[in-house]
Amino acid sequence: MSKKDTCEIYCYDEEKVNRIQEELQKEDISSVAQLFKALADENRAKISYALCQDEELCVCDVANIIGSSVATASHHLRTLNKQGIVKYRKEGKLAFYSLDDEHIKQLIVIALAHKKEVEVNV
């Protein structure tokens with residue numbers, strides 16, 4: 001890390017630090033980190049993106065989209081389900097998955113827009 005991107009002296013705004021620390025204690029940042037950790041896996045990110053494109057996909061569809069076995073797709077879908085990213089329903093012998101809510105779709109869309117903006121500015 002370059003010395004240019006760090007403070008050259010140590011000082012801080014005590015009022016600002018205390019105010020933000022209090023706000024931080026009110027939020028469940030750990031669960032936010034867990035959400036992003038689940039999405040940090042490339043296959044789970046692909047699955048989430050695929051579910052942004054189509055409201056509902058069965059496990060077999062997901063396996064084919066990400067190029068994996070049904071068992072691997074199921075494993076990723078279970079992880080996403082445990083984190084509240086996707087939900088599922090059974091229809092006979094088929095299991096269909098969809099995004100849990102619109103916020104997940106917004107996260108994916110915003111992340112992709114951010115990535116494109118960063119690429120343009122580099």
Side-chain angles (χ1 to χ4, degrees):
M1 186 171 354
S2 167
K3 290 286 185 190
K4 294 179 184 175
D5 61 0
T6 63
C7 294
E8 293 182 26
I9 61 169
Y10 180 77
C11 69
Y12 68 97
D13 184 331
E14 188 174 358
E15 181 275 323
K16 187 185 294 185
V17 169
N18 289 338
R19 177 178 48 80
I20 293 171
Q21 284 179 335
E22 284 179 30
E23 290 299 318
L24 193 55
Q25 290 176 358
K26 296 175 188 175
E27 299 295 339
D28 185 7
I29 298 298
S30 176
S31 67
V32 173
Q34 292 300 313
L35 170 81
F36 283 115
K37 191 182 286 188
L39 290 171
D41 177 88
E42 188 173 349
N43 279 322
R44 291 193 287 270
K46 286 178 181 179
I47 292 167
S48 300
Y49 177 79
L51 289 168
C52 289
Q53 303 308 303
D54 203 286
E55 286 189 26
E56 190 175 68
L57 296 168
C58 81
V59 178
C60 302
D61 292 334
V62 170
N64 280 282
I65 289 167
I66 67 170
S68 75
S69 67
V70 171
T72 297
S74 292
H75 169 75
H76 288 304
L77 286 160
R78 274 193 298 279
T79 299
L80 291 169
N81 180 257
K82 285 179 190 172
Q83 291 302 320
I85 296 168
V86 300
K87 58 188 176 187
Y88 74 95
R89 69 177 182 84
K90 289 285 282 187
E91 188 174 302
K93 294 183 178 186
L94 299 174
F96 290 93
Y97 282 82
S98 59
L99 294 177
D100 189 59
D101 63 32
E102 186 65 23
H103 295 111
I104 301 302
K105 185 173 185 175
Q106 290 173 6
L107 285 172
I108 301 295
V109 168
I110 289 169
L112 288 169
H114 171 71
K115 180 64 180 146
K116 288 176 184 170
E117 188 174 304
V118 169
E119 288 171 353
V120 169
N121 294 325
V122 172

Item to check | Electrostatic pair Lys26:Glu22 at N-O distance under 4.0 angstrom | outcome: no
Next on the checklist: Please determine whether side-chain contact (heavy atoms from CB on, under 4.5 Å) holds for the pair Ser48 and Leu39, giving the CA-CA distance in whole Å, both sets of side-chain angles, and the decisive distance to 0.1 Å.
Outcome noted: CA-CA 8 Å; Ser48 300; Leu39 290 171; 3.3 Å; yes
Next on the checklist: If you compare all heavy atoms of Ser98 against all heavy atoms of Glu55, which two are closest, and at what distance to 0.1 Å?
Outcome noted: CB-O, 2.9 Å
Checklist entry - How long is the span from the CZ atom in Arg89 to the OH atom in Tyr97, to the nearest 0.5 Å? => result 12.0 Å
Checklist entry - Is there a chain of hydrophobic side chains (I, L, V, M, F, W, Y, each step under 4.5 Å between heavy atoms) that links Ile110 to Val32? => result no
Item to check | Ile85 vs Asp100 side-chain heavy atoms within contact, under 4.5 Å | outcome: no
Item to check | Minimum heavy-atom distance Asn43-Asp41, with the two atoms named | outcome: N-OD2, 3.0 Å
Item to check | Nearest-0.5 Å distance, OG of residue Ser68 to NE2 of residue His76 | outcome: 6.5 Å
Checklist entry - Taking only residues two or more places apart in sequence, or in another chain, which ones meet Glu102 in a side-chain contact (heavy atoms from CB on, under 4.5 Å)? => result Lys105, Gln106
Item to check | Gap between atom OH of Tyr49 and atom CD1 of Ile66 - 0.5 Å precision | outcome: 15.5 Å
Checklist entry - Is Ile65 linked to Val70 within one hydrophobic cluster, defined over Ile, Leu, Val, Met, Phe, Trp and Tyr using a side-chain heavy-atom separation of less than 4.5 Å? => result yes
Checklist entry - So do Asp61 and Asn64 actually touch side chain to side chain, heavy atoms under 4.5 Å? => result no
Checklist outcome for this item: One should read off an interatomic distance between His114 NE2 and Lys116 NZ, to the nearest 0.5 angstrom, of 13.0 Å
Checklist entry - So, for Val86 and Leu77, which heavy atoms are closest and what is the spacing to 0.1 Å? => result CG2-O, 3.7 Å
Checklist entry - OG/Ser30 to NZ/Lys37 distance, rounded to the nearest 0.5 angstrom? => result 8.0 Å
Next on the checklist: Under the criterion side-chain contact (heavy atoms from CB on, under 4.5 Å), I'd like the reasoning laid out for Gln83 against Arg44: C-alpha separation, chi angles, the key distance, then a yes or no.
Outcome noted: CA-CA 11 Å; Gln83 291 302 320; Arg44 291 193 287 270; over 6 Å; no
Item to check | Audit row: Arg19, Glu15, salt bridge (Lys or Arg N to Asp or Glu O under 4.0 Å) steps and yes/no | outcome: CA-CA 6 Å; Arg19 177 178 48 80; Glu15 181 275 323; 3.6 Å; yes
Checklist entry - Stepwise, does the side-chain contact (heavy atoms from CB on, under 4.5 Å) test hold for Val59 with Tyr88? => result CA-CA 10 Å; Val59 178; Tyr88 74 95; over 6 Å; no
Next on the checklist: If we check side chain to side chain contact (heavy atoms under 4.5 Å, CB included) with Leu99, which of these qualifies: Leu80, Leu107, Leu51, Ile47?
Outcome noted: Leu51
Checklist entry - Are Glu42 and Lys46 close enough for a salt bridge, meaning some N to O gap below 4.0 Å? => result yes
Item to check | Which atom of Ser69 lies closest to which atom of Ala63, heavy atoms considered | outcome: O-CB, 3.7 Å
Checklist entry - Are Phe36 and Ile108 in one and the same hydrophobic cluster, where Ile, Leu, Val, Met, Phe, Trp and Tyr link if side-chain heavy atoms are under 4.5 Å apart? => result yes
Item to check | Gln53 CD: over 12 foreign heavy atoms closer than 6.0 Å | outcome: yes
